[in-house]
Amino acid sequence: MLFKLIGRGNCCRMVKLNSFTDFDAFQASRRFVREVRLLIRTPKFRLNRELFTQMERAAISVLSNFAEGFERDGNAEFVQFLTISKGSIGELRGQLIYSLDVGLIDEALQTVLDDKAATATRMVGGLIRYLSGTELMGRKIRTTGRKQVKPPSPATPQPLTSNCKP
């Protein structure tokens, strides 16, 4: 579970982020991916099967890696998966340039989609920087001060302690 500050001016409050869908970065990525999916469903793209398949896989990767990283409950893993998600956004940007160059889309559409991609990648990058710089380690790893303590595994028997002296 992560928190984010919301509000304007001097009035702010913390909100719990219980789901990957709560992140603004996820929402921006989703808006971009939705536009790409609508584009590649057009007849022009359906004719270019390899490009269609590659773009569809990259689009799926953007959202899937964001979700999987969050669900792993550790910031280090979340950052790793966010980096893959961000890379997939970059891959789609390159494929949109290719689509422009081969005449599948016009420059105006490429510019609009690239702007949405730039917003998504900037937000995901900001989240990566935040998570990389925070001392909060996620639900998987509890922190005490600066020392990281992994929670005990349910399968690992815990030693019994007693206040009695032998």
Side-chain angles (χ1 to χ4, degrees), residues 1-6 14-142 148 150-151 153-154:
M1 176 181 346
L2 294 172
F3 297 90
K4 78 174 182 178
L5 282 172
I6 63 167
M14 295 292 280
V15 176
K16 287 182 185 179
L17 299 171
N18 294 311
S19 170
F20 60 90
T21 60
D22 293 337
F23 288 89
D24 294 337
F26 179 83
Q27 293 302 324
S29 298
R30 185 177 178 200
R31 283 189 295 274
F32 168 62
V33 166
R34 185 180 300 127
E35 293 294 324
V36 168
R37 296 252 318 133
L38 289 173
L39 173 66
I40 66 174
R41 296 277 178 223
T42 61
K44 268 187 176 179
F45 273 85
R46 302 279 299 179
L47 293 174
N48 190 332
R49 194 74 185 140
E50 288 179 23
L51 180 61
F52 169 83
T53 301
Q54 188 66 27
M55 289 182 78
E56 186 168 53
R57 287 182 180 175
I60 291 167
S61 173
V62 171
L63 302 182
S64 297
N65 280 294
F66 199 115
E68 184 174 353
F70 179 81
E71 295 299 336
R72 290 192 175 233
D73 294 334
N75 284 3
E77 288 177 296
F78 193 15
V79 166
Q80 177 184 358
F81 280 87
L82 286 173
T83 302
I84 296 167
S85 181
K86 187 174 182 283
S88 294
I89 294 169
E91 182 179 353
L92 285 167
R93 291 177 87 179
Q95 291 160 346
L96 289 167
I97 292 169
Y98 173 82
S99 299
L100 171 65
D101 291 347
V102 298
L104 292 173
I105 59 174
D106 61 29
E107 194 165 344
L109 179 57
Q110 189 273 333
T111 300
V112 167
L113 291 174
D114 193 63
D115 288 346
K116 288 184 183 211
T119 298
T121 199
R122 192 170 41 255
M123 293 178 83
V124 172
L127 181 55
I128 290 168
R129 282 187 301 282
Y130 170 77
L131 292 171
S132 297
T134 185
E135 289 186 25
L136 298 173
M137 301 307 290
R139 291 180 286 199
K140 184 184 285 188
I141 302 172
R142 294 185 308 239
Q148 296 179 11
K150 285 192 175 187
S153 169

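Nothing fancy with the numbering, it's 1 onward along the sequence. Treat the numbers as computed from the prediction; the structure is a model and nothing was measured.
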Colleague: With sequence neighbours left out, write down each residue that passes ring pair (Phe, Tyr, Trp, His ring centres under 6.0 Å) with Phe81, or none if nothing qualifies.
Modeller: none
Colleague: Using a cut-off of 6.0 Å, state whether more than 12 heavy atoms not belonging to Arg46 lie near its atom CZ.
Modeller: yes
Colleague: Restricting to non-hydrogen atoms, name the atom on Val124 and the atom on Ser29 that form the minimum distance, rounded to 0.1 Å.
Modeller: CG2-OG, 3.6 Å
Colleague: Keeping the roles fixed (side chain from Asp115, backbone from Val112), state whether a donor-acceptor pair exists under 3.5 Å.
Modeller: no
Colleague: Between Phe26 and Phe66 (judged by ring centroids, cut-off 6.0 Å), do the two rings come close enough to count as a pair?
Modeller: yes
Colleague: Over all heavy atoms of both residues, which pair between Ala120 and Ile89 is shortest? Give the atoms and the distance, please.
Modeller: CB-CD1, 3.9 Å
Colleague: Under a 3.5 Å distance rule, please check whether Ser61 uses its side chain to pair with a backbone N or O of Arg57 as donor and acceptor.
Modeller: no
Colleague: State the CZ-CG distance between Phe78 and Asp73, to the nearest 0.5 angstrom.
Modeller: 10.5 Å
Colleague: Check whether Thr42 reaches the backbone of Leu38 with its side chain - one donor and one acceptor, N or O, closer than 3.5 Å.
Modeller: no
Colleague: In residues 98-110, what donor-acceptor pairs under 3.5 Å come from side-chain atoms, sequence neighbours left out?
Modeller:
| from | atom 1 | to | atom 2 | distance (Å) |
| --- | --- | --- | --- | --- |
| Ser99 | OG | Gln95 | O | 2.8 |
| Asp106 | OD1 | Ala108 | N | 3.3 |
| Asp106 | OD1 | Leu109 | N | 2.8 |

Colleague: Can you tell me how far the CD atom of Gln54 sits from the CD1 atom of Ile40, to the nearest 0.5 Å?
Modeller: 10.5 Å
Colleague: Report the distance from atom CZ of Phe70 to atom CG of Asn65, rounding to the nearest 0.5 Å.
Modeller: 15.0 Å
Colleague: To the closest 0.5 Å, what do you measure between OG1 (Thr121) and CZ (Arg93)?
Modeller: 6.5 Å
Colleague: Glu56 vs Phe52, test: side-chain contact (heavy atoms from CB on, under 4.5 Å). Steps then yes/no.
Modeller: CA-CA 6 Å; Glu56 186 168 53; Phe52 169 83; 3.6 Å; yes
Colleague: Decide side-chain contact (heavy atoms from CB on, under 4.5 Å) for Thr119 and Phe32; before the verdict, give the C-alpha distance in whole Å, the side-chain angles of both, and the deciding distance to 0.1 Å.
Modeller: CA-CA 9 Å; Thr119 298; Phe32 168 62; over 6 Å; no
Colleague: To the nearest 0.5 Å, what is the distance between CD (Gln27) and CZ (Phe20)?
Modeller: 9.5 Å
Colleague: Could you measure the distance from the CG atom of Leu82 to the CZ atom of Arg129? Nearest 0.5 Å is fine.
Modeller: 12.0 Å
Colleague: Heavy atoms, side chains only, cut-off 4.5 Å: are Val62 and Arg30 in contact?
Modeller: no
Colleague: Answer yes or no: is there an ion pair linking Lys86 with Glu91, defined by an N-O contact shorter than 4.0 Å?
Modeller: no
Colleague: Under the salt bridge (charged side-chain N to carboxylate O under 4.0 Å, His left out) rule, collect the residues that match up with Glu35, sequence neighbours excluded.
Modeller: Lys116
